[in-house]
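Step one of this worksheet: look at the structure below.
The shown structure was predicted, so the numbers you read here are calculated from the model rather than taken from an experiment. We count residues from 1, following the sequence as given. Atom set for the values below is all heavy atoms of this structure, side chains included, hydrogens, waters and symmetry mates excluded.
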Amino acid sequence: MPSYRRWGKSKFQKNPDSSFKLLAAVLVITFYLLIKEFSNPPPRPAKITPKWGAQIQFADWKNGTDRADKDKAAKVRDAMKFTFWKYRENAWGHDDILPVSGGKSSSRNGWGAFIVDSATTLALMGLWDELALAVEHIVTIDFRKTEELVDPFETTIRYLGGLVSLVDLCDAGVIPENIITGEARDMILEQAVTLANALGPAYDTPTGMPWPRVDFNKSQGVSDPPSVYKEHPEKVKYDHPVVGPARTGSSILENRVLTRLTGNSVYARNATLAWAPLVWSKWTPSYLGIIDAPMDIVTGEPVGRQRHWDGGHDSYYEYLVKMTVLAPPSDPHLDDYKGKFLAAVYSLRKWFGTRSASAPDHAMQHLFIGRRDAEWYMNRQGHLACFAPGAILLASKFYDIADLRSFALALLEGCHHTYNATPSKIGPETWSWIPKFGYDSPVYTPETARAKQERESSGFWSVDPRYKGRPEYVESLFYAWRITGEARFREWTWAAFEAIETHCKASYGYAQLADVYKVKPEDWDGDGTKRWIDQQESFWAAETLKYLWLTFSDVNVASLDRWVFSTEGHVFRMIR
């Protein structure tokens, strides 16, 4: 039997001319195809669609504008370092530091809320020494023990979200293995599981909507404690415990990620059942997509007629769109979440957004978000509602709906105006305005001399003039910068940071402001420290500083094409 070598050699030896003809023909055809390709190339997409993730961020950057603004990013990073080390030196292990006095605060069950909540900010900023110290504490927390009742909403967004986000950042290679080893990563995940299991009794209700509190010592859900009614005397007592949309609709992201990390479906199932009475409500809403609240956790019935996108309702709407971005396309409920979000946005635009009437010294009209309570339109907005522009911008890009973008940017301009119009260049906690159209007798009108003066000069007046270190305005600026690429949003962000740095920085951290219109020491009696509120919530480090820094970082850091941000600013990888 002839060998392979003999067979090949004899084949070409039989007719060498035919071999050369075949080679020449191949060369001619190849040369022709090359000429055709380069003379008339076929159209190609500007950017190849990735096999995972999404295309949300602006892509057509010019002249390196997508790169970090290193000087500004460094200034924000320095603010984070100052915040961390003052806490480390004076309040380590407690939930928060009191930034004016240097005292300690434990209002989040004493597990070290600041440490857990701020850890993802440390990770994204590359503050490795600080993160290593945080992890040393995190893995030693006993989440099964606390002498206080546990708030499942706050605990989920601050603690559970921070833990699962750290694991995701490890798995994505963002955190070096010498900072969080494989063993430490597994311990953090075990902590998340322990906490989620302890929170499980919150969902033990006929409807699946969570109890307002959980007693960890008895492993059962309970009603609001008496302290809630003392702090909020206007809160109505009903026959059964009640919750608002945010409390029952803001655990789906954190628990869905935990299910992905563990393979245990119970976490995603509990969170899905918790917001099911909202997404698939059997009650006819007054406005499509808008929840009537509060709701009875036993029957699911709306027992009030409060409707808005402000505090207590806000993050439910936020999570509707973010769930459609996070979950894989195979999720059977994505169209329901998308449809509910879009219905809520269009109702918001038609029934809740109103422009301010021109004022004697301020002709420009601004778009604000009001509320509806029973038959009344409440011409009042809170700082918390300034999250809406960012969430709607995210939807406009992900769903490819151009008119939502215009609506979102108009709302963002309104929030920007509340910052730009005050002496401090920081917006108040709540404000009111006179609607331009449709409301001849608005519910709220300026009554005091101060309110009248503020309205005359800016078109709105403050109702609660405090600044609580909240992130919502700069959060929406971050989304606007990453999605539109317009330089003005970086400029607005820097103006906000400079104002906060100037007026909020105290001896032991960043204080809240008593009055954004009175921020100079000489505006107050004594040494001027009364201009500050001695409180610094963990969201200052978890969200406000994170969004400020990310706006000046390279756009590939925590890209919106790959990561979804929780309502507390923790990042989760898209499930693709």
Side-chain angles (χ1 to χ4, degrees), residues 153 156-157 161 209-210 243-254 256 271-272 274-281 283 285-295 302 304-327 333-353 367-373 378 381-399 401 403-405 407-408 410-412 414-415 470-473 475-476 479 483 543 564-569:
F153 168 71
T156 295
I157 65 173
M209 291 193 289
V243 292
R247 284 191 166 274
T248 192
S250 305
S251 63
I252 189 73
L253 296 184
E254 293 84 353
R256 185 66 179 267
T272 302
W275 79 343
L278 283 65
V279 178
W280 298 281
S281 176
W283 309 96
S286 304
Y287 305 94
L288 285 177
I290 302 294
I291 302 299
D292 290 358
M295 296 152 293
R305 292 296 179 266
Q306 300 170 15
R307 315 163 190 106
H308 55 79
W309 276 43
D310 223 308
H313 295 220
D314 46 359
S315 48
Y316 160 68
Y317 300 106
E318 176 186 357
Y319 273 25
L320 283 171
V321 60
K322 288 183 175 180
M323 189 58 187
T324 65
V325 182
L326 177 84
H333 305 307
L334 293 186
D335 286 343
D336 294 328
Y337 302 152
K338 177 181 176 180
K340 186 68 72 169
F341 179 80
L342 291 177
V345 172
Y346 289 126
S347 287
L348 184 75
R349 185 170 66 178
K350 183 175 182 180
W351 300 107
F352 294 80
L367 186 62
F368 297 126
I369 301 174
R371 313 178 188 191
R372 289 186 178 273
D373 194 342
M378 321 295 283
Q381 179 177 338
H383 191 287
L384 282 160
C386 284
F387 90 94
I392 297 171
L393 274 174
L394 176 65
S396 74
K397 187 62 182 289
F398 190 62
Y399 301 153
I401 303 176
D403 64 319
L404 291 187
R405 172 176 168 138
F407 177 49
L411 291 174
L412 182 53
C415 291
R470 293 200 187 278
E472 287 76 22
Y473 169 60
E475 173 186 353
S476 284
Y479 280 95
I483 291 172
E543 297 183 78
V564 178
F565 287 77
S566 76
T567 194
E568 190 72 6

Working to the nearest 0.5 angstrom, can you tell me the gap between [X] [atom1] and [Y] [atom2]?
| X | Y | atom1 | atom2 | result |
| --- | --- | --- | --- | --- |
| R247 | T156 | CZ | OG1 | 10.0 Å |
| Y317 | I291 | OH | CD1 | 5.0 Å |
| S281 | D292 | OG | CG | 8.5 Å |
| D373 | R307 | CG | CZ | 7.5 Å |
| D336 | M323 | CG | CE | 12.0 Å |
| F387 | D310 | CZ | CG | 8.5 Å |

- Query: Which residues satisfy the ring pair (Phe, Tyr, Trp, His ring centres under 6.0 Å) test with Y319, sequence neighbours excluded?
  - Reply: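 Once residues adjacent in sequence are excluded, Y319 has no partner under the ring pair (Phe, Tyr, Trp, His ring centres under 6.0 Å) criterion.
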- Item | Under the ring pair (Phe, Tyr, Trp, His ring centres under 6.0 Å) test, residues paired with Y287 that sit two or more places apart |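 In terms of ring pair (Phe, Tyr, Trp, His ring centres under 6.0 Å), with neighbours along the sequence ignored, Y287 is linked to W351, F352.
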Can you see which heavy atom on [X] is nearest to which on [Y], and at what distance?
| X | Y | result |
| --- | --- | --- |
| A391 | V321 | O-CG1, 4.1 Å |
| E543 | G569 | CG-N, 3.8 Å |
| M295 | T248 | CE-CG2, 4.3 Å |
| D403 | R349 | OD2-NH1, 3.2 Å |
| F565 | L253 | O-CD1, 4.3 Å |
| I252 | T272 | CD1-OG1, 3.3 Å |

[X] side chain near [Y] side chain, heavy-atom distance below 4.5 Å:
| X | Y | result |
| --- | --- | --- |
| F368 | L411 | no |
| Y479 | P389 | no |
| W309 | I392 | yes |
| L342 | I401 | yes |

- Before giving the answer on side-chain hydrogen bond (donor to acceptor under 3.5 Å, both in side chains), spell out for R372 and S286 the whole-Å C-alpha distance, their side-chain angles and the decisive distance to 0.1 Å. CA-CA 10 Å; R372 289 186 178 273; S286 304; over 6 Å; no
Is it true that a side-chain atom of [X] and a backbone atom of [Y] form a donor plus acceptor pair closer than 3.5 Å?
| X | Y | answer |
| --- | --- | --- |
| S347 | L288 | yes |
| S476 | C386 | yes |
| T324 | L334 | no |
| Q381 | I369 | yes |

- Take T567 and E318 through the test side-chain hydrogen bond (donor to acceptor under 3.5 Å, both in side chains) and record every step on the way to the result. CA-CA 8 Å; T567 194; E318 176 186 357; 2.9 Å; yes
- Message: Over 60° means perpendicular and under 30° means parallel, so tell me whether W280 and H333 are parallel, tilted or perpendicular.
- Response: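 Answer is perpendicular, since the angle exceeds 60°.
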